[in-house]
There are 2 protein chains.
Amino acid sequence: MKEKELRRSLAVLPIGTVMKLTNLTARQIRYYETQELIKPERSDGNRRLYSLNDVDRLLEIKDYLDEGLNMAGIREIFMQKQLDQEHRKEQQSKTLTDDDVREILHDEILRAGGLQGMSPTSPKLR
Amino acid sequence: MKEKELRRSLAVLPIGTVMKLTNLTARQIRYYETQELIKPERSDGNRRLYSLNDVDRLLEIKDYLDEGLNMAGIREIFMQKQLDQEHRKEQQSKTLTDDDVREILHDEILRAGGLQGMSPTSPKLR
DNA sequence: GTTTCATGTCATGTTTTCTAACATATAACT
DNA sequence: AGTTATATGTTAGAAAACATGACATGAAAC
């Protein structure tokens, strides 16, 4: 699903569209930017360009505000989330290398022991 | 997958973005509109607004042009596709009513035969 | 060598967005 | 009560993007 991620993170929406999609005013959207809650791209002509992910994030911000959080609180939550996500990715890459280890082990067994009864293409292995 | 369809058909992109995404000039994009190959929405201020589906369609148009088709040909192909799709939908709804028929039959069996050995909440039934 | 088609280019007007500044309501604090 | 901070409204002026319409043009078709 890499193409989907790309689509969601492509900065293609002008602020007017984002206003409609989020029901926020331009003032609010820009203010959240000064508070470093979002960081839209810029066009050649310096216009802000938002991605679908940005829209989601703005909707999140709205929710948190409704719950009474302030800018600092929301900023903190977002940083938390980011850390969490990085952690997950790290875990995933670790898992992957575990699999790699298994594969390497498998190869070594094959080479060391020769084929004693097991077919090299045995379904149990990979 | 209804939300996804909605997302893909939401008119949110200004022509400048579409130009970058398709590598077409504004002139070309507007011309294809006069040829009724696309029909973007309009904002309150009369700006054209395109959906992701529109972008896909424009990329298709590009391909067909590269293959030597002209506007009329492409228009024809699109109409063809639309018919085809409508046909598919009709077929699907027919299939659905077949299922309905089965369900009705099932209900009737229950009512007619009474509960001879089958529990009314038997997992096999619905 | 005209026509037609698809596109380029230019002019002019309108809409959208930008930044920056000043204003204000609400909540928090002393 | 008076002050302060926060989040947002409002306004002004400039720049960018977009709309429409007209005229221009290269390539293909006839």
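Proteins get letters first, then strands, A, B, ... in listed order; numbering begins at 1 in each.
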Base, sugar-phosphate, or nothing: which does Asn70(B) touch, judged by heavy atoms less than 4.0 Å apart?
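Contact class for Asn70(B): sugar-phosphate only.
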Rounding to an integer number of Å, can you tell me how far [X] [atom1] sits from [N] [atom2]?
X        : N       : atom1 : atom2 : answer
Glu41(B) : dC18(D) : CD    : P     : 17 Å
Leu65(A) : dA27(C) : CG    : P     : 14 Å
Met19(A) : dT17(C) : CE    : P     : 8 Å
Asp66(A) : dA7(D)  : CG    : C1'   : 13 Å
Leu13(B) : dC18(D) : CG    : P     : 11 Å
Leu24(A) : dT8(D)  : CG    : P     : 8 Å

message = Between Leu65(A) and Met71(A), does the side chain to side chain contact (heavy atoms under 4.5 Å, CB included) criterion hold? Intermediate values first, please.
response = CA-CA 8 Å; Leu65(A) 285 175; Met71(A) 298 293 127; 3.8 Å; yes
Q. So, do Leu24(A) and Val18(A) sit near enough that their side-chain heavy atoms are less than 4.5 Å apart?
A.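 No, their side chains stay 4.5 Å or more apart.
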Notebook entry, point to check: Do Tyr32(A) and Gln28(A) come within less than 4.5 Å of each other through their side chains, counting heavy atoms only?
Noted result: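 Yes, at least one pair of side-chain atoms sits under 4.5 Å.
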| task | Name the residue closer to the 5' end of DNA chain C, choosing between Thr17(A) and Leu69(B) according to the nucleotide with the nearest heavy atom. | result |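 This one resolves to Leu69(B).
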inquiry  = Please check if the number of heavy atoms outside Glu86(A) that lie under 6.0 Å from its CD is greater than 12.
reply    =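 Atom CD in Glu86(A) is packed in, count exceeds 12.
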Item to complete: Using only side-chain N and O atoms of Ser43(A), determine if any of them is under 4.0 Å from OP1 or OP2 of dA17(D).
Response: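 Looking at the OP1 and OP2 atoms of dA17(D), one of them is under 4.0 Å from a side-chain N or O of Ser43(A).
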Problem - Criterion salt bridge (Lys or Arg N to Asp or Glu O under 4.0 Å) on Glu33(A) and Arg42(A), from CA distance to verdict - result: CA-CA 12 Å; Glu33(A) 182 178 347; Arg42(A) 295 290 183 130; 3.6 Å; yes
task = Enumerate the residues from residues 31-40 of chain A whose closest heavy atom to DNA chain C is under 4.0 Å, giving them by residue number; use none for an empty result.
result =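 By residue number: none to list.
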Tell me, please, which residues at least two apart from Arg47(B) pass salt bridge (charged side-chain N to carboxylate O under 4.0 Å, His left out).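 Listed in chain order: nothing, the list is empty.
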Using the 3.5 Å cut-off, write out each protein N or O paired with an N or O of nucleotides 19-28 of chain D and the distance between them.
{"from": "dA19(D)", "atom 1": "OP1", "to": "Arg48(B)", "atom 2": "N", "distance (Å)": "2.6"}
{"from": "dA19(D)", "atom 1": "OP1", "to": "Arg48(B)", "atom 2": "NE", "distance (Å)": "3.2"}
{"from": "dA19(D)", "atom 1": "OP2", "to": "Arg30(B)", "atom 2": "NE", "distance (Å)": "3.2"}
{"from": "dA19(D)", "atom 1": "OP2", "to": "Arg30(B)", "atom 2": "NH2", "distance (Å)": "3.1"}
{"from": "dA19(D)", "atom 1": "O3'", "to": "Asn46(B)", "atom 2": "ND2", "distance (Å)": "3.3"}
{"from": "dT20(D)", "atom 1": "OP1", "to": "Arg42(B)", "atom 2": "NH1", "distance (Å)": "3.1"}
{"from": "dT20(D)", "atom 1": "OP1", "to": "Arg42(B)", "atom 2": "NH2", "distance (Å)": "3.2"}
{"from": "dT20(D)", "atom 1": "OP2", "to": "Arg48(B)", "atom 2": "NH2", "distance (Å)": "2.3"}

Point to revise | Lys/Arg-Asp/Glu bridge criterion (N-O < 4.0 Å) met for Lys62(B), Asp66(B) | key: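 Judged by the 4.0 Å cut-off on N to carboxylate O distance, Lys62(B) and Asp66(B) do not form a salt bridge.
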